Amino acid sequence: MKSVVHLAILCLGLAKSVKASEVLRPRGVPLSKTSFYDPSRDFRCLDGSGTIPFNYVNDDYCDCQDGSDEPGTAACPNGQFHCTNAGHSPLNIPSSRVNDGICDCCDASDEYASSASCTNTCREMGRAAREESLRQQQAQMQGYQLRQSMIQEGKKRNEEDQAKITELKKEKELADAVLSEKEEMKKVAEEPEKEALEKYRVVEEEKRVRDEAEKKERESVEAREAFAHLDNNGDGVITIAEIQSRQTFDTNRDGEVSEEEAKFYFRQEEQMDLDTFITSGWAMMRPTYMMDKGMFTPPTTFAPPTPEDLTAPPPLEDPEVSRYVNSRANWELLSEEPEDLEEDYDFPDDSNEEDPAKEEEPAEEEVKYDEETQRLVDAANVAREAFNEADRHVRDLVRELKNLEEKQEKDLGPEEEFRVMEGECYEFTDREYTYKLCPFDKTVQKPKNGAGETRLGQWGEWTGSEDKYSSMKYSNGQACWNGPSRSTDVNLVCGIENQLLSVTEPNRCEYLMVLQTPAVCAKSEANDSHDEL
Ligand code: MAN
């Protein structure tokens, strides 16, 4: 019984095969293996594991370990079914897909006994595939031609850069010479200037001491006047009661000068003599006193004191500082009742440059040099400026040279084909980020929500395995949170324009970019025939 079934299946298989390929072979056998399937002999399993009568081939029963006896059925788990796919490309599929109801082969040969009504689509598919292949060939051809232009341009730029380096080096030699010359001239000009200014150093110091003394004297006169004014009974001391008698010191404007308000100026003492007044009391009192007299304007940039300021003992060391800080009660008032103040005090508006506080202290006069000294200072200034300019020029040249030399150290392709990409950047945007690849420089990622850029790597090296120039590595990018620094691999594929085709992140903080560029387009057969034409 088994052999009858064998025969029937075998015949069916052979009959169909004949139609498909014109060469007699069992179903699912590729043309290249026809000789192993000779119906006039027993079949020897292709792995040599056994020999079976030929009618066991494709009998839907797996006899050989390698599945070679069942190329046209799904009987062997490891069998291979070959579709001829005439008009398109042949295909090998696992034989488990034979008659599984799904059309795998375009010639429908894998579904010869199933309910799937597969039709032969090989002609159409073949045509489309040939068209696509032609298109690709043409693109490769065009890309290859573009690559030639990139090579040409790259070589040209390389020469230009090289020439520029030579030129810059010469220019730097000259600039160095000019710099030394200017340095010498500066020295020569500064020597007499220094000597001439030496005389003035003494004069300037004397003047500073004089100004200081004058200032002290002015303040002392001012303090004495105020003291005399505040010392109602002329007994040579100012008491708390005397301060309380002056509305001026009603800092919280409640209509009376409380003891506390008055005591503020006395530092725990009950009264103050002239000396104490001059050395400390006046400095604290002065702003309030002068403001009341309309002679003092608080600085507009001065911040009102904080609550801590108001409880801390008043700092008195520096009269300039304490003069302002100790007017704390006034500031308290300022922040509490600004409207009232506007009425009581004549606050200057911001544009008013007449500042009485400033007016009191005469501006420091510049020491005037005699004509000869001034001439020497001017000459030294000119020499210094000339030196600085020469120095700037040298530094600019050094920078430019360094950039160019660094660029020259980069491997921009065996034929300089990648040089034109140096200095360019290519972008790719996905749902979340815009990525940027600046070849031979860096890769970056910028979130679309407007946040800052993240560096994904700096130019590292060529890393292609078969062809070194087929991929690049950018490493040492920004550190990944709790991980290594970010890095990017860039695979280069042939295409007719430089374009970043895709960016993915296969592993966290490891990015993969695909850059299309004519620079990697190899010569195709089409190029050869094109060249011949
Ligand atoms: C950012 C981006 C991502 C990256 C994470 C890692 O969100 O750079 O690409 O995976 O940081 O924390």
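Here the structure is a predicted model, which means the values were calculated and not measured. Counting starts at 1 for both ligands and their atoms, in listed order.
- The cationic atom of K186 (NZ for Lys, CZ for Arg) lies less than 6.0 Å from the six-membered ring centre of F387 and within 45° of the ring axis.
- Counting all heavy atoms, side chain and backbone alike, P71 lies closest to V29 at CG-CG2, 3.4 Å.
- Residues with a heavy atom under 4.0 Å from ligand 1: Y433, Q445, C480, R486, E505, R508, C509, Y511.
- Cation-pi check for R27 over Y112 is met; the charged atom lies under 6.0 angstrom from the ring centroid and within 45 degrees of its normal.
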Could you go through residues 459-466 and list every donor-acceptor pair under 3.5 Å that involves a side-chain atom there, pairing it with any protein atom two or more places apart or in another chain?
{"residue": "W462", "atom": "NE1", "partner": "D411", "partner atom": "O", "Å": "2.8"}
{"residue": "T463", "atom": "OG1", "partner": "S471", "partner atom": "O", "Å": "3.3"}

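- Screening E416, E422, E405 for a salt bridge (charged side-chain N to carboxylate O under 4.0 Å, His left out) with K410, the sole residue that qualifies is E422.
- With hydrogens and angles disregarded, no donor-acceptor distance shorter than 3.5 Å links the side chain of K164 to the backbone of L404.
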